[in-house]
Visitor: 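Dropping a structure here in structure tokens format, bear with me for questions.
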Amino acid sequence: MPEGDTVWQTARRLHDALAGKVLTRSDLRVPRFATADLTGRTVLDVTPRGKHLLTRVEGGLTLHSHLRMDGAWKVYANGRRWGGGPGHQIRAILGNADRTAVGYRLPVLELLRTTDEHRAVGHLGPDLLGPDWDPDRALANLLQDPARPLGEALLDQRNLAGIGNVYKSELCFLLGVTPWLPVGDLPAERAAKLPGLAKRLLETNRDRLIRSTTGSRGQDLFVYGRAPRPCLRCRTSVRVADQGDGSRERPTYWCPTCQPGLAPAPARRVRRDAAG
């Protein structure tokens with residue numbers, strides 16, 4: 001599931017494959033930009049911004065993409081067979097003399113003037129893995145709506161950029177509170193820990209192939225995807241329920257013993273293998 005660490009890894013792979021090289025192939029398979037041709041231009045860099053990817057190209061252009069739930073960028077050595085999905089799912093192809101980057105199932109793909117990148121990412125809060133990271137501002141953003149459930153506030157990229165559904169559930173577990181706790185009710189000492197803890201989790205995982213919040217091999221996550229298996233700490237059955245603002249519901253995991261307090265009842269049941 002693409003979150004800030006996954007997007008950072010994707011940006012690094014794309015940068016290593018494309019940056020400093022002239023594009024010999026360019027194919028944007030979305031109606032608005034289907035006639036755009038980037039061949040002959042040098043890729044300057046590929047930069048992650050929260051969950052967004054900015055591929056900057058010579059001539060003041062930026063290709064903005066977002067993976068959301070199912071999108072992926074794959075990089076292939078030229079001559080190697082592509083394997084990221086069926087051809088009809090390809091939304092972008094960028095190639096040079098050595099490698100080809102293929103974007104599959106990209107729900108967001110647009111070509112912008114580099115000077116207009118703010119239109120795509122200007123709304124984002126401090127980036128947990130970016131040079132603009134500011135823990136005080138991130139915490140202030142989270143606390144500006146005290147009645148909002150903590151889980152919803154963490155997912156709002158305007159507050160801080162990079163947290164998705166996995167880290168939302170894991171952060172709430174590590175803080176010992178439910179995702180439905182009004183963010184203004186978060187004890188002050190735990191609120192003070194939150195920005196640093198979030199950053200530490202993403203930084204630790206940005207270089208890992210398998211995401212882990214536990215530090216224990218084979219038991220990589222405390223609660224996400226574990227319902228109804230026992231909590232790794234107290235052996236209580238982990239629960240799952242939907243959480244959202246009405247526009248989109250997200251499966252949310254928690255331990256009712258380690259995270260006492262507000263929670264929906266009854267929690268919905270899921271198959272063990274359907275939660276990841």
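Note that the structure is a prediction, hence the values are computed from the model and not measured.
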Visitor: Using modelled atom types and a 3.5 Å cut-off, is there a donor and acceptor pairing between side-chain atoms of Ser26 and backbone atoms of Leu38?
Guide: yes
Visitor: Can you check whether Asn205 reaches Ile210 side chain to side chain, under 4.5 Å on heavy atoms?
Guide: no
Visitor: Around Arg113, counting heavy atoms of other residues, nucleotides and ligands shown, do more than 12 lie under 6.0 Å from its CZ?
Guide: no
Visitor: At what distance, to the nearest 0.5 angstrom, does CG of Leu44 lie from CG of Leu18?
Guide: 11.5 Å
Visitor: Between Asp127 and Gly50, is there a donor-acceptor pair closer than 3.5 Å when you use the side chain of the first and the backbone of the second?
Guide: yes
Visitor: State the CG-CG distance between Leu150 and Leu175, to the nearest 0.5 angstrom.
Guide: 7.0 Å
Visitor: Check whether any side-chain heavy atom of Thr10 sits under 4.5 Å from a side-chain heavy atom of Pro48, and report yes or no.
Guide: no
Visitor: What verdict does the salt bridge (Lys or Arg N to Asp or Glu O under 4.0 Å) test give for Asp27 and Arg29, after you've listed the backbone C-alpha separation in whole Å, the side-chain angles of each residue and the deciding distance to 0.1 Å?
Guide: CA-CA 6 Å; Asp27 187 0; Arg29 299 182 181 179; 2.9 Å; yes
Visitor: Using a strict 4.0 Å threshold on nitrogen-to-oxygen distance, state whether Arg49 and Asp132 make a salt bridge.
Guide: yes
Visitor: For residues Leu67 and Pro107, report the shortest heavy-atom separation together with the two atoms involved.
Guide: O-CD, 3.8 Å
Visitor: So does Leu232 get a backbone contact from the side chain of Gln219, meaning a donor-acceptor N/O pair under 3.5 Å?
Guide: no
Visitor: Ion pair present between Arg13 and Asp16, side-chain N to carboxylate O less than 4.0 angstrom?
Guide: no
Visitor: Would you verify whether the NZ or CZ of Arg81 falls within 45 degrees of the ring axis of Tyr76 while also being under 6.0 Å from that six-membered ring's centre?
Guide: no
Visitor: Would Tyr224 and Val238 count as a side chain to side chain contact (heavy atoms under 4.5 Å, CB included) if you check the C-alpha gap in whole Å, the side-chain angles of each, and the deciding distance to 0.1 Å?
Guide: CA-CA 9 Å; Tyr224 186 86; Val238 172; over 6 Å; no
Visitor: For the residue pair Pro2 and Met69, what are the closest heavy atoms and their distance?
Guide: CD-O, 3.5 Å
Visitor: Measure the spacing between SG of Cys172 and CZ of Arg190 and express it to the nearest 0.5 Å.
Guide: 11.5 Å
Visitor: Of the non-hydrogen atoms in Asn141 and Gly125, which two are nearest, and what is the gap between them?
Guide: ND2-CA, 4.5 Å
Visitor: Can you find a pair of side-chain heavy atoms, one from Leu221 and one from Val166, that are under 4.5 Å apart?
Guide: yes
Visitor: Quickly, which of Glu3, Gln243, Glu152 forms a side chain to side chain donor-acceptor pair (under 3.5 Å) with Lys168? Name it, please.
Guide: Gln243
Visitor: Has the side chain of Asp134 got a donor or acceptor atom that lies under 3.5 Å from a matching backbone atom of Arg137?
Guide: yes
Visitor: Report yes if the side chains of Val43 and Leu94 come closer than 4.5 Å at any heavy-atom pair, otherwise no.
Guide: no
Visitor: If Ile, Leu, Val, Met, Phe, Trp and Tyr residues are connected whenever their side-chain heavy atoms lie under 4.5 Å apart, and connections chain through other members, are Leu53 and Leu129 in the same group?
Guide: no
Visitor: Given side chain to side chain contact (heavy atoms under 4.5 Å, CB included), test Leu181 with Thr178 step by step and report yes or no.
Guide: CA-CA 6 Å; Leu181 177 76; Thr178 80; 4.2 Å; yes
Visitor: I'd like to check Tyr104 versus Arg91 (side-chain heavy atoms, cut-off strictly below 4.5 Å). Are they in contact?
Guide: no
Visitor: Would you say Lys21 has more than 12 foreign heavy atoms packed within less than 6.0 Å of its NZ?
Guide: yes
Visitor: Is it possible for you to say whether Val102 and Val75 belong to one hydrophobic cluster, with membership spreading through side-chain heavy-atom contacts below 4.5 Å?
Guide: no
Visitor: Any donor and acceptor pair, going by atom type alone, linking the side chain of Asn78 with main-chain N or O of Asn96 inside 3.5 Å?
Guide: yes
Visitor: Classify the ring geometry between Trp254 and Trp180 as parallel (under 30°), tilted (30 to 60°) or perpendicular (over 60°).
Guide: perpendicular
Visitor: Under the side chain to side chain contact (heavy atoms under 4.5 Å, CB included) criterion, do Val183 and Asp145 qualify, and how do the steps go?
Guide: CA-CA 8 Å; Val183 69; Asp145 185 355; 5.6 Å; no
Visitor: Please test Leu160 against Leu128 for side chain to side chain contact (heavy atoms under 4.5 Å, CB included), starting from the C-alpha separation and ending with a verdict.
Guide: CA-CA 7 Å; Leu160 68 171; Leu128 282 154; 4.1 Å; yes
Visitor: If every non-hydrogen atom of Ala153 is compared with every non-hydrogen atom of Leu142, which pair is closest and at what distance?
Guide: O-CD2, 3.5 Å
Visitor: Check whether Leu109 and Leu112 end up in the same hydrophobic cluster, where Ile, Leu, Val, Met, Phe, Trp and Tyr are linked by side-chain heavy atoms less than 4.5 Å apart.
Guide: no
Visitor: Who passes ring pair (Phe, Tyr, Trp, His ring centres under 6.0 Å) against Tyr167, sequence neighbours left out?
Guide: none
Visitor: Do Leu28 and Leu54 share a hydrophobic cluster, counting only Ile, Leu, Val, Met, Phe, Trp and Tyr and linking them when any side-chain heavy atoms are less than 4.5 Å apart?
Guide: no
Visitor: Which heavy atom of Ala72 sits nearest to which heavy atom of Arg105, and what is that distance?
Guide: CB-NH2, 4.0 Å
Visitor: Looking at Gln259 and Cys255, would you say the former's side chain and the latter's main chain have a donor-acceptor pair under 3.5 Å?
Guide: yes
Visitor: Apply ring pair (Phe, Tyr, Trp, His ring centres under 6.0 Å) to His64 and list each qualifying residue two or more places apart in sequence or on a separate chain.
Guide: His52
Visitor: With a 4.5 Å limit on heavy-atom distance, are the side chains of Phe173 and Cys231 in contact?
Guide: yes
Visitor: For Thr213 and Glu170, indicate whether the former's side chain and the latter's backbone hold a donor-acceptor pair under 3.5 Å.
Guide: no
Visitor: Could you walk me through whether Arg56 and Asp45 pass salt bridge (Lys or Arg N to Asp or Glu O under 4.0 Å), step by step?
Guide: CA-CA 5 Å; Arg56 300 181 178 119; Asp45 65 80; 3.0 Å; yes
Visitor: Should Trp8 and Asp207 count as side-chain neighbours, where that means a heavy-atom distance under 4.5 Å?
Guide: yes
Visitor: Tell me, yes or no, whether the heavy-atom count around Arg12 atom CZ, taken from other residues, nucleotides or ligands under 6.0 Å, exceeds 12.
Guide: yes
Visitor: Nearest 0.5 Å please: distance from the CZ atom of Arg119 over to the OG1 atom of Thr115.
Guide: 9.5 Å
Visitor: Taking the side chain as C-beta and beyond, is there a heavy-atom pair between Leu194 and Leu154 under 4.5 Å?
Guide: yes
Visitor: Report yes or no: does Arg41 contribute a side-chain atom to a donor-acceptor pair with the main-chain N or O of Glu58 at less than 3.5 Å?
Guide: yes
Visitor: Please say yes or no: joined through hydrophobic side-chain contacts below 4.5 Å, possibly via intermediate residues, are Ile90 and Leu14 part of one cluster?
Guide: no
Visitor: Kindly write out the residues that satisfy ring pair (Phe, Tyr, Trp, His ring centres under 6.0 Å) with Trp133, not counting sequence neighbours, or none if the list is empty.
Guide: none
Visitor: How long is the span from the CD atom in Gln89 to the CG atom in Leu106, to the nearest 0.5 Å?
Guide: 10.5 Å
Visitor: Given 3.5 Å as the limit, does a donor-acceptor pair link the side chain of Lys51 with the main chain of Ile163, or not?
Guide: yes
Visitor: Nearest 0.5 Å, please: how far is CZ in Arg226 from CG in Asp220?
Guide: 10.0 Å
Visitor: With distance as the sole criterion, is a donor-acceptor pair present between the side chains of Thr257 and Arg235 under 3.5 Å?
Guide: no
Visitor: Closer than 3.5 angstrom, by distance alone: can the side chain of Arg208 be matched with the main-chain N or O of Ser212 as a donor-acceptor pair?
Guide: yes
Visitor: Can you give me the closest heavy-atom contact between Ala92 and Trp73, atom names plus distance?
Guide: CB-CH2, 3.6 Å
